[in-house]
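To start, the structure under review is shown below, and the notes come after it.
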Amino acid sequence: MRWVAAGSGRAPQIGGTLTLADHLGACLARWGINRMTFMVPPGLYAIGAPDSEAPVVVTANYKMSYDIVRRALCGRNVWLLVLETYGINVWCAAGKGTFGTGELVRRIENTGLAQVVSHRRLILPILGAAGVSAHRVKQRCGFEVAYATVRAADLPAYLDQGAATPAMRELRFNWYDRLVLVPVELVLAAKPVLPVTALVYLVARLFWSADVAAAAALALLGAVFTGIAVGPLLLPLLPGRSFAVKGALAGVVYCALLYALAGGAGWGVAATLGCFLALPAVSSFYTLNFTGCTTYTSKSGVKKEMRLGLPVMAAALGAALFIVVAGRLLV
Amino acid sequence: MKGFRYLEGVATLELDTARCIGCGRCVEVCPHQVFRVEGKKAVVVDRDACMECGACALNCPPAALKVDAGVGCASGMIHEWLREKKLPGFSGGGCCG
């Protein structure tokens, strides 16, 4: 570890190049492995050889955030102030308040930043503004907060121009942005979904046959996958604004494909109705759940969707169960 | 956000123009370009794009902005409800830890 003089103390000097281990760690975190412990110690770091005039960039201590920022600033002389967000990214930590005014002021004091730099200007990510109050920071420690860009990749251009262009301030949510969010969602869903699938399998095995049980279990897993992966990936293509509706439509298409490709004509009325009621409800729930991963859905909107959507999903599941049980008893 | 619009008419964002000092912080912090400063006052130009993150209200020096801020996360809300109802087995969870 190399150190750089920082005021009366010193700060670790960090590189801007990511190693294989950094990439591997990020990859694992995307799959939920060691994600909650993927963090760096908070504090002041030196990128290059910053002096007292060098800009101060602030980020979270989620290692993926820290890595993306230091890679973007590779080859420059910048102070990097890392806040303690307990390994959570800037956006989520701002929502929780850990990327917040209190932590920022505390970290400035702890690191003696006022002695390290002669200016009084901090550069924060725009998505951190949900947790930080710029005028309170100024009141409490004299530092001026500038919210720079949404993406770390735009930081070099921001530093060069001293201001952000409208494009740098705008959120985007392209296909790849959504794709990288899917693995961890699949892993998180596995915990409740796998026991339920096992239960469906056992019940179907008990009252029907091994074939029916396997088909029912696979159909359910497919509906979950449709809601978690297909719905979010096709988000702008699915009609409507409601995530529940988008998910339900993806689920109906999934059911229709299943019906066409898996011998739907031989399913019988009860199973067919059960499928078309239950599976879209499952997909709908999981696509609605994806609102937590987006940066354009509002709390009021999600509340409204849940108030209207959850009873419909529950009713569809109940009706499917009733039809399938009635079909078993009557036939 | 380009290509994405969420539900209309639900955002709880309120701007008290009388209090506004036209500093432009709201324009700076809003990642959905909800505001514009016109004639030394902020105006809400696209309320339905608001995701209620609360950044504008938190960064508004004269407290001219109000919004019922929070994370629009379905599983988080369900966990919250279950926790409020004190159902066992639903203590942790949430999407981003």
Side-chain angles (χ1 to χ4, degrees), chain A residues 35-36 86-89 91-96 100-101 126-136 138 145-147 150 164 166 169-174 184-185 188 191 235-236 241-244 285 288-306 309-310, chain B residues 1-13 21 23-36 46-63 65 67-81 89-90 92-97:
Chain A
R35 188 172 70 119
M36 303 316 287
Y86 306 94
I88 305 290
N89 67 72
W91 170 236
C92 287
K96 289 171 198 293
T101 309
I126 288 182
L127 290 186
V132 175
S133 176
H135 55 278
R136 292 211 178 90
K138 168 97 176 161
V145 169
Y147 297 105
V150 168
R169 309 189 152 278
E170 203 180 318
L171 268 168
R172 278 178 243 145
F173 202 37
N174 62 32
V184 79
E185 290 298 302
L188 289 177
K191 210 174 117 194
L235 207 58
R241 294 187 173 188
S242 149
F243 278 55
F285 176 80
L288 173 55
N289 203 33
F290 193 71
T291 49
C293 297
T294 72
T295 41
Y296 78 99
T297 53
S298 61
K299 188 174 104 177
S300 302
V302 176
K303 252 189 198 165
K304 184 179 177 185
E305 285 213 59
M306 286 179 39
L310 290 184
Chain B
M1 184 155 63
K2 271 192 197 100
F4 297 93
R5 298 292 294 183
Y6 198 43
L7 306 188
E8 283 190 341
V10 290
T12 52
L13 178 67
I21 53 169
C23 68
R25 267 292 186 190
C26 50
V27 179
E28 182 186 348
V29 299
C30 179
H32 288 298
Q33 290 73 45
V34 167
F35 306 97
R36 212 163 31 210
D46 191 2
R47 182 187 304 272
D48 286 331
C50 174
M51 60 167 165
E52 300 179 323
C53 69
C56 56
L58 192 61
N59 282 282
C60 180
L65 281 158
V67 59
D68 182 16
V71 184
C73 174
S75 71
M77 280 184 210
I78 292 174
H79 278 289
E80 196 85 353
W81 284 351
F90 288 99
C95 38
C96 31

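Chain naming here is simple, since letters A, B, ... match the order of the sequence lines and numbering starts at 1 in each. All of these numbers come straight from a predicted model, not from anything done at the bench.
Taking B:Gly70, B:Ala57, B:Ala55 one by one and counting their heavy-atom pairs under 4.5 Å with chain A, the maximum is reached by B:Ala55. Options A:Ala134, A:Gly95, A:Ser242 differ in how many heavy-atom pairs under 4.5 Å they form with chain B, and the most are formed by A:Ala134. Your options are A:Lys191, A:Arg136, A:Lys303, and the one with the most heavy-atom pairs under 4.5 Å with chain B is A:Lys303.
The main-chain N or O of A:His135 is never found under 3.5 Å from a side-chain atom of B:Asn59 such that the two would form a donor-acceptor pair. Using modelled atom types, no side-chain atom of B:His32 and backbone atom of A:Glu170 make a donor-acceptor pair closer than 3.5 Å. A donor-acceptor pair is defined here as one N or O able to donate and one able to accept, closer than 3.5 Å; such a pair exists between the side chain of A:Arg169 and the backbone of B:Glu28. Panel note: side chain B:Glu52, backbone A:Lys299; a donor-acceptor pair is recorded below 3.5 Å. Distance alone, capped at 3.5 Å, places no donor-acceptor pair between the B:Asp68 side chain and the A:Ser300 backbone. Under the 3.5 Å distance criterion, the side-chain polar atoms of A:Ser298 are left unmatched by any main-chain donor or acceptor of B:Ala11.
Nearest heavy atom pair, residue B:Met51 against residue A:Thr295, reads SD-O, 2.9 Å. Between A:Leu127 and B:Pro31, the shortest heavy-atom distance links the atoms CD2-CG, 4.0 Å. The shortest non-hydrogen separation linking B:Val29 to A:Ile126 is O-CG2, 3.4 Å.
Taking the six-membered ring where the residue is Trp, B:Tyr6 and A:Phe243 present perpendicular rings, their angle passing 60° and hence far from 30°.
Contact of B:Cys53 with chain A is made through backbone and side chain together, with heavy-atom distances under 4.5 Å. For chain B, the nearby part of A:Arg172 is the backbone; its heavy atoms alone come within less than 4.5 Å. Contact of A:Lys138 with chain B is not made at all, since no heavy-atom distance falls under 4.5 Å. Residue A:Phe285 touches chain B through its side chain alone, counting heavy-atom pairs closer than 4.5 Å. With a threshold of 4.5 angstrom between heavy atoms, B:Cys60 approaches chain A through N, CA, C or O but not through any side-chain atom. At a 4.5 Å heavy-atom cutoff, A:Val184 makes no contact with chain B through either its backbone or its side chain.
Atom OH of A:Tyr86 is surrounded by 12 or fewer heavy atoms from other residues, nucleotides or ligands within 6.0 Å.
A:Tyr147 OH to B:Arg25 CZ: the interatomic distance, rounded to the nearest 0.5 Å, is 6.0 Å. Between B:Met77 atom CE and A:Met306 atom CE the span is 6.0 Å, to the nearest 0.5 Å. Atoms NZ and CG, from A:Lys304 and B:Leu7 in turn, are 6.0 Å apart once rounded to the nearest 0.5 Å.
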